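These numbers come from a predicted model, not from an experiment.
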2 protein chains.
Amino acid sequence: MNIGEVARASGVSAKMIRYYESIGLIEAAKRKGSGAYRVYSDGDVHVLRFIRRSRDLGFTVAEIANLLRLWQDRRRASADVKSLVTAKIADLDTRIEELLSMKRTLEHLAMNCNGDHRPDCPILDDLSGKACCHGNGG
Amino acid sequence: MNIGEVARASGVSAKMIRYYESIGLIEAAKRKGSGAYRVYSDGDVHVLRFIRRSRDLGFTVAEIANLLRLWQDRRRASADVKSLVTAKIADLDTRIEELLSMKRTLEHLAMNCNGDHRPDCPILDDLSGKACCHGNGG
DNA sequence: GATAATCCTTCCAATGATTGGAAGGTCAAG
DNA sequence: CTTGACCTTCCAATCATTGGAAGGATTATC
């Protein structure tokens, strides 16, 4: 298969396939007779699908490299894989909590804003540092 | 104040202050006598704090530019500010949902993995596309 | 007034994953 | 041998931020 076909088959763009090759995430593809045109096999599709799925789950390229190594190591301990996954879960938790915190604040601000034609805006007051409604509750 | 002092006072790094100036988010600071060394006032600290807080709440630079414009426009409608905020909330919701979806999948995978010294690993099986436990329930 | 320490200046590069485009080479079909 | 679709490499941009280099300005001290 050419790179376009393998891209369609795997869901990884041709651009990204070349990029993954350039950074060593995947092996350099063999070339057709004259040396141009990368050639791929079904096995490569398999690898790229693995990468695609890992990426969709939020793993970085570096982490995917680890996952691939473990995947291809028949003597791996499943604990090693699991620890990567649990670390990633913790990672996601952190990011989710950050986003939730932002969201809560914004919802609080929006709730107190009339949202009409008048200029009075507690949102801007808050952003500018003015004490508003959530001081020390004193 | 020099840029270092205003950076400490506002919580925005000197690097970022220069960057914000370069992209036009803030006005170019006046320079000290000889033309070197940017000089800042308390008002600038105020602006930078506004930016800092907006950034912490997840607004992009482009969005902060809008917020600043509204902030400085005394005839703004609070509805305009509120719509920026509600759009950002929707934005956060989308990202949170994506992360939660990843997390759920990873937790599901981790739950089914023994995490011991043996190589059998449903996580890798799933990543590689093997049908595992969550097929069509047949 | 020399010197050292600290600050500032500009410019360039890297991050991480991805996309875009330009300029040109290759292949398959007609 | 042309056409068109595909491929190649290389360079640049994204977004916000950080890092460093090389050098100039200011301040404090002697």
Next item on the list: Ignoring hydrogens and angles, tell me if any N or O in the side chain of B:S10 forms a donor-acceptor pair with the backbone of B:V45 under 3.5 Å.
Entry: no

Notebook entry, point to check: Ignoring hydrogens and geometry, is there a side-chain-to-backbone donor-acceptor pair from A:K82 to B:C113 under 3.5 Å?
Noted result: yes

Notebook entry, point to check: Judged by atom type as modelled, is there a donor-acceptor pair below 3.5 Å linking the side chain of A:R38 to the main-chain atoms of A:A29?
Noted result: no

Check: Ignoring hydrogens and geometry, is there a side-chain-to-backbone donor-acceptor pair from B:D44 to B:S41 under 3.5 Å?
Finding: yes

Next item on the list: Whole angstrom is fine here: how far is it from CZ in A:R8 over to P in D:dC6?
Entry: 7 Å

Next item on the list: Would you mind reading off the distance between A:E5 atom CD and C:dC27 atom C1', rounded to a whole angstrom?
Entry: 12 Å

Check: Using a cut-off of less than 4.0 Å, is there contact between a side-chain N or O of A:R38 and OP1 or OP2 of D:dC7?
Finding: no

Margin query: Based on the rotation axes of five pairs at each end, what angle does the helix from C:dG1-D:dC30 to C:dG30-D:dC1 bend through, to 10°?
Written below: 30°

Notebook entry, point to check: Counting N and O atoms only, with roles assigned by atom type, does the side chain of A:N2 sit under 3.5 Å from a partner on the main chain of A:G4, one being a donor and the other an acceptor?
Noted result: no

Dump the pairs, protein N or O against N or O of nucleotides 4-6 of chain C, anything under 3.5 Å, distances to one decimal.
none

Next item on the list: For residues A:S101 and A:E98, determine if any side-chain heavy atom of one lies less than 4.5 Å from a side-chain heavy atom of the other.
Entry: no

Item checked: Over all atoms of both residues, closest heavy-atom pair of B:F59 and B:L84 -> CE2-O, 4.0 Å

Check: Within this structure, what is the CD-to-C1' distance between B:E21 and C:dT10, rounded to whole angstrom?
Finding: 12 Å

Check: Does the pair A:L109 and B:L57 meet the rule for a side-chain contact (heavy atoms from CB on, under 4.5 Å), with working shown?
Finding: CA-CA 11 Å; A:L109 292 178; B:L57 288 173; 4.3 Å; yes

Note to self: Strictly distance-based, threshold 3.5 Å: is any side-chain N or O of B:K88 a donor or acceptor partner for the main-chain N or O of B:G58?
What the structure shows: yes

Notebook entry, point to check: Does a side-chain heavy-atom distance below 4.5 Å link B:I51 with B:L68?
Noted result: yes

Checklist line | Nearest-angstrom distance from the residue atom NZ of B:K32 to P of D:dG24 | finding: 18 Å

Notebook entry, point to check: Within a strict 4.5 Å, meaning less than it, do heavy atoms of the A:Y20 and A:V12 side chains meet?
Noted result: yes

Checklist line | Closest approach of A:I3 to A:A14 (non-hydrogen atoms, all atoms of both residues) | finding: CD1-O, 3.7 Å

Notebook entry, point to check: Which residues within residues 89-96 of chain A lie with some heavy atom under 4.0 Å of an atom in DNA chain C?
Noted result: none

Checklist line | Donor-acceptor pair, side chain of A:R76 and main chain of B:P119, under 3.5 angstrom | finding: yes

Next item on the list: Quick one: which residue pairs count as a ring-ring contact (aromatic ring centres under 6.0 Å, His included) with a foot in residues 63-102 of chain A, not counting sequence neighbours?
Entry: A:H46-A:W71, A:F50-A:W71

Next item on the list: Find the distance A:M1:CE to C:dC27:P and express it as a whole number of Å.
Entry: 18 Å

Item checked: Minimum-distance pair of heavy atoms, taken over all atoms of A:L127 and B:S54 -> CD2-OG, 3.7 Å

Notebook entry, point to check: What is the minimum heavy-atom distance between A:I64 and A:R55, and which atoms define it?
Noted result: CD1-N, 3.8 Å

Notebook entry, point to check: Which part of the nucleic acid, if any, lies within contact of B:R18, taking any heavy atom under 4.0 Å across all strands shown: a base, the sugar-phosphate backbone alone, or nothing?
Noted result: base

Protein-nucleic acid N or O pairs under 3.5 Å, nucleotides 16-18 of chain C:
from   : atom 1 : to    : atom 2 : distance (Å)
C:dA17 : OP1    : A:V61 : N      : 2.9
C:dT18 : OP1    : A:R55 : NE     : 3.1
C:dT18 : OP1    : A:R55 : NH1    : 3.3
C:dT18 : OP2    : A:Y20 : OH     : 2.7

Within the sub-3.5 Å range, which N or O atoms of nucleotides 20-22 of chain D have a protein N or O partner, and how far apart are they?
from   : atom 1 : to    : atom 2 : distance (Å)
D:dG20 : O6     : B:K15 : NZ     : 2.4

Notebook entry, point to check: Does OP1 or OP2 of C:dT10 have a side-chain N or O of B:R31 closer than 4.0 Å?
Noted result: yes

Check: Whole Å only: how far is the CG atom of B:N2 from the P atom of C:dC8?
Finding: 5 Å

